[in-house]
*Asks:* 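First the structure, which I've put down as structure tokens, then a few questions once you've had a look.
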2 protein chains.
Amino acid sequence: MVVNAYIIDAVRTMVLMRMSFEERLGSHLKRVEQELQAAKSAAVKPAGLTVPQYAALFVLDEQPGISAAELARRCLVTPQTMTTILRNLESAGLIERTPHPLHKHVIETRPTAAGRKALDQADKRAAAVERRLAAAFSEEEADTLRALLARVSESLTTDPILKS
Amino acid sequence: MVVNAYIIDAVRTMVLMRMSFEERLGSHLKRVEQELQAAKSAAVKPAGLTVPQYAALFVLDEQPGISAAELARRCLVTPQTMTTILRNLESAGLIERTPHPLHKHVIETRPTAAGRKALDQADKRAAAVERRLAAAFSEEEADTLRALLARVSESLTTDPILKS
DNA sequence: TGACGACCATCAGAACTCTGATTAGTCTCT
DNA sequence: AGAGACTAATCAGAGTTCTGATGGTCGTCA
């Protein structure tokens, strides 16, 4: 019945034009990213942070006084999203925002002492997750994974469907 | 000054315990997943669907009458999230929900004619994105990528930090 | 100088996503 | 039959994320 199975599959593909979820690369990517998100979330939660809040604090600690727009670019989110994240961080007393002395329209953001403390606490556990991840691969394997992901990225960002 | 660079890096690592964002595998995964999400979103948008709505309709079309809880498992979201998605789909007239004849507590969900039409329209473009993705890799490369992602997954789900 | 474009910040609205909690039906085992 | 476990559905609340729109500021270039 191998032939029948083949025919059925071919007909299904041609008629319905459907690919099952499991055979799609995107499903694998989504699941893994979701698990990573869950692991990081559990890691930073004891510090009272969410993952995006942790990311924002992380960048702020390296570059205090950065603008919200620049922060958004570093954290791979839109400025609107960053506004929301900063609002929550500020009301928790983890950051403070002051107008830029020269550019009046720019607001400088920097972590408070409490913010740095929360970041330290969160980073210990978050970095442990990343280290564990890194330890699961040889240098060569990690490079291969990065290269393949870059290929995915390139394939997606040059996709003509986005322009139609 | 190679030695100096090495020392500086080592000190930074030991004192701050920080890994920069760019060297983290998680960043690559997040960015790629985000791009994939954006591509799919653009693909299904002309049909008036969001990506989660498309995923739900897709599974519903294959298995009409499935319960919301089962649907949530297939789509990799929580039942609460699926409730939200189904509420939006129902108010758009793309699905209909009727009580199960035997199990009174279960509600059967199935796509309407309009739902199937939207799915067809969305799937043409969404499948094109996946096909383009698949075409960017040889069979062997795709297998390698899947295998490496599975290793990431395994590393994450067995992480002891989640139990502490 | 004045117009235009680029950029910053933010509001508004919508969707998705989670955790936590509640309510209720089904099943199993005693 | 009844207790306990499991599952289904959903509400409540919070956070993140997007698109779209608004208003203000800065710099450049005619």
Side-chain angles (χ1 to χ4, degrees), chain A residues 30-31 33-46 48-57 65-92 94-95 97-109 162, chain B residues 30-31 33-46 48-57 65-92 94-95 97-109 162:
Chain A
K30 176 178 176 175
R31 188 169 37 76
E33 217 279 325
Q34 214 168 33
E35 287 166 357
L36 178 63
Q37 183 73 11
K40 283 198 174 175
S41 180
V44 301
K45 195 176 181 180
L49 297 176
T50 64
V51 174
Q53 287 170 354
Y54 162 69
L57 272 180
I66 201 176
S67 77
E70 179 61 23
L71 193 52
R73 283 188 288 270
R74 302 289 177 99
C75 294
L76 304 175
V77 299
T78 59
Q80 294 93 324
T81 300
M82 188 48 70
T83 297
T84 306
I85 297 171
L86 291 181
R87 184 164 49 225
N88 289 325
L89 280 174
E90 190 172 22
S91 67
L94 302 180
I95 59 169
R97 318 190 67 192
T98 53
H100 191 287
L102 299 179
H103 299 246
K104 284 184 181 167
H105 197 57
V106 175
I107 297 179
E108 286 188 340
T109 304
L162 296 177
Chain B
K30 175 178 177 177
R31 187 169 38 76
E33 217 279 324
Q34 213 167 32
E35 287 166 355
L36 177 64
Q37 184 74 12
K40 284 198 173 176
S41 180
V44 302
K45 194 174 182 182
L49 297 176
T50 65
V51 175
Q53 286 171 355
Y54 162 68
L57 271 181
I66 200 175
S67 76
E70 179 61 23
L71 192 53
R73 283 189 289 271
R74 301 290 177 98
C75 294
L76 303 175
V77 299
T78 59
Q80 293 93 324
T81 299
M82 188 48 70
T83 296
T84 305
I85 297 170
L86 291 181
R87 185 164 48 225
N88 289 325
L89 280 175
E90 189 173 21
S91 66
L94 302 180
I95 58 169
R97 316 190 68 194
T98 53
H100 191 287
L102 298 178
H103 298 247
K104 285 183 181 168
H105 197 55
V106 175
I107 298 178
E108 284 188 339
T109 305
L162 297 177

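Here the structure is a predicted model, which means the values were calculated and not measured. Labels below follow one simple rule: chain letters A, B, ... track the order of the sequence lines, proteins then strands, and each chain is numbered from 1.
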*Asks:* Over how many whole Å does the gap from B:K40 atom NZ to D:dC18 atom C1' extend?
*Replies:* 18 Å

*Asks:* Where do A:R97 and A:A68 come nearest, in terms of heavy atoms and distance?
*Replies:*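 Heavy-atom minimum between the residues: NH2-CB, 3.7 Å.
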
*Asks:* Give the rounded distance in Å between these two atoms: CD of B:E33 and P of D:dT16.
*Replies:* 18 Å

*Asks:* Specify the separation, in whole Å, of atom CD1 of B:I107 and atom C1' of D:dT7.
*Replies:*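 B:I107 atom CD1 is separated from D:dT7 atom C1' by 14 Å.
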
*Asks:* Could you check how far CD of B:Q53 sits from C1' of C:dA14, rounded to whole Å?
*Replies:* 11 Å

*Asks:* Would you mind telling me which residue lines up with the more 5' stretch of DNA chain D, B:V106 or A:V51, judged by nearest nucleotide?
*Replies:*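 Of the two residues, B:V106 wins.
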
*Asks:* Select base, sugar-phosphate, or nothing to describe what B:T83 touches, counting heavy atoms under 4.0 Å on all strands.
*Replies:*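 B:T83: base contact, heavy atoms under 4.0 Å.
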
*Asks:* Would you kindly give the CD-to-P distance between A:E90 and D:dG15, to the nearest whole Å?
*Replies:*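 Whole-Å distance recorded here is 14 Å.
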
*Asks:* Assess whether side chain to side chain contact (heavy atoms under 4.5 Å, CB included) is satisfied between A:L36 and B:K30, documenting all intermediate values.
*Replies:* CA-CA 9 Å; A:L36 178 63; B:K30 175 178 177 177; 5.8 Å; no

*Asks:* Minimum heavy-atom separation for B:V51 and B:Q37, please, with both atom names.
*Replies:*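 It is CB-NE2, 3.8 Å.
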
*Asks:* When the distance from CG of A:L86 to C1' of C:dT10 is rounded to whole Å, what number comes out?
*Replies:* 12 Å

*Asks:* Is the shortest side-chain N to carboxylate O distance from A:R73 to A:E70 below 4.0 Å?
*Replies:* yes

*Asks:* How many angstroms lie between atom OG1 of B:T81 and atom CG of B:L71, to the nearest 0.5 angstrom?
*Replies:* 11.5 Å

*Asks:* Considering just the side-chain nitrogens and oxygens of A:R73, establish if one lies under 4.0 Å of OP1 or OP2 belonging to C:dC8.
*Replies:* yes

*Asks:* Taking only the side-chain heavy atoms of A:P79 (C-beta and beyond), determine which of C:dT10, C:dC16, C:dC8 contains the nearest atom.
*Replies:* C:dT10

*Asks:* Can you tell me the distance, in whole Å, between the CG atom of B:L71 and the C1' atom of D:dT10?
*Replies:*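 One finds 15 Å between C1' of D:dT10 and CG of B:L71, rounded.
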
*Asks:* Under 4.0 Å between a side-chain N/O of A:N88 and OP1 or OP2 of D:dA14, yes or no?
*Replies:* no

*Asks:* Indicate every side-chain donor-acceptor pair of residues 82-90 of chain A with a distance under 3.5 Å to a residue at least two apart or in another chain.
*Replies:*
from, atom 1, to, atom 2, distance (Å)
A:T83, OG1, A:P79, O, 3.0
A:T84, OG1, A:Q80, O, 3.3
A:N88, ND2, A:T84, O, 3.4

*Asks:* Is A:T50 close enough to D:dT16 that one of its side-chain N or O atoms is under 4.0 Å from OP1 or OP2 there?
*Replies:*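 So the side-chain polar atoms of A:T50 do come within 4.0 Å of the phosphate oxygens OP1 or OP2 of D:dT16, strictly under.
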
*Asks:* Please give me the minimum heavy-atom distance between A:Y54 and A:V44, naming the atom from each residue.
*Replies:* CG-CG1, 3.9 Å

*Asks:* With respect to the phosphate group of D:dA9, does any side-chain polar atom (N or O) of B:R87 fall under 4.0 Å of OP1 or OP2?
*Replies:* no

*Asks:* Base contacts versus sugar-phosphate-only contacts with protein, heavy atoms under 4.0 Å: please encode nucleotides 17-24 of chain C as B, S and - from 5' to 3'.
*Replies:* BBBBB--B

*Asks:* Nearest whole Å is fine: how far is C:dA15 C1' from B:Y54 OH?
*Replies:* 19 Å

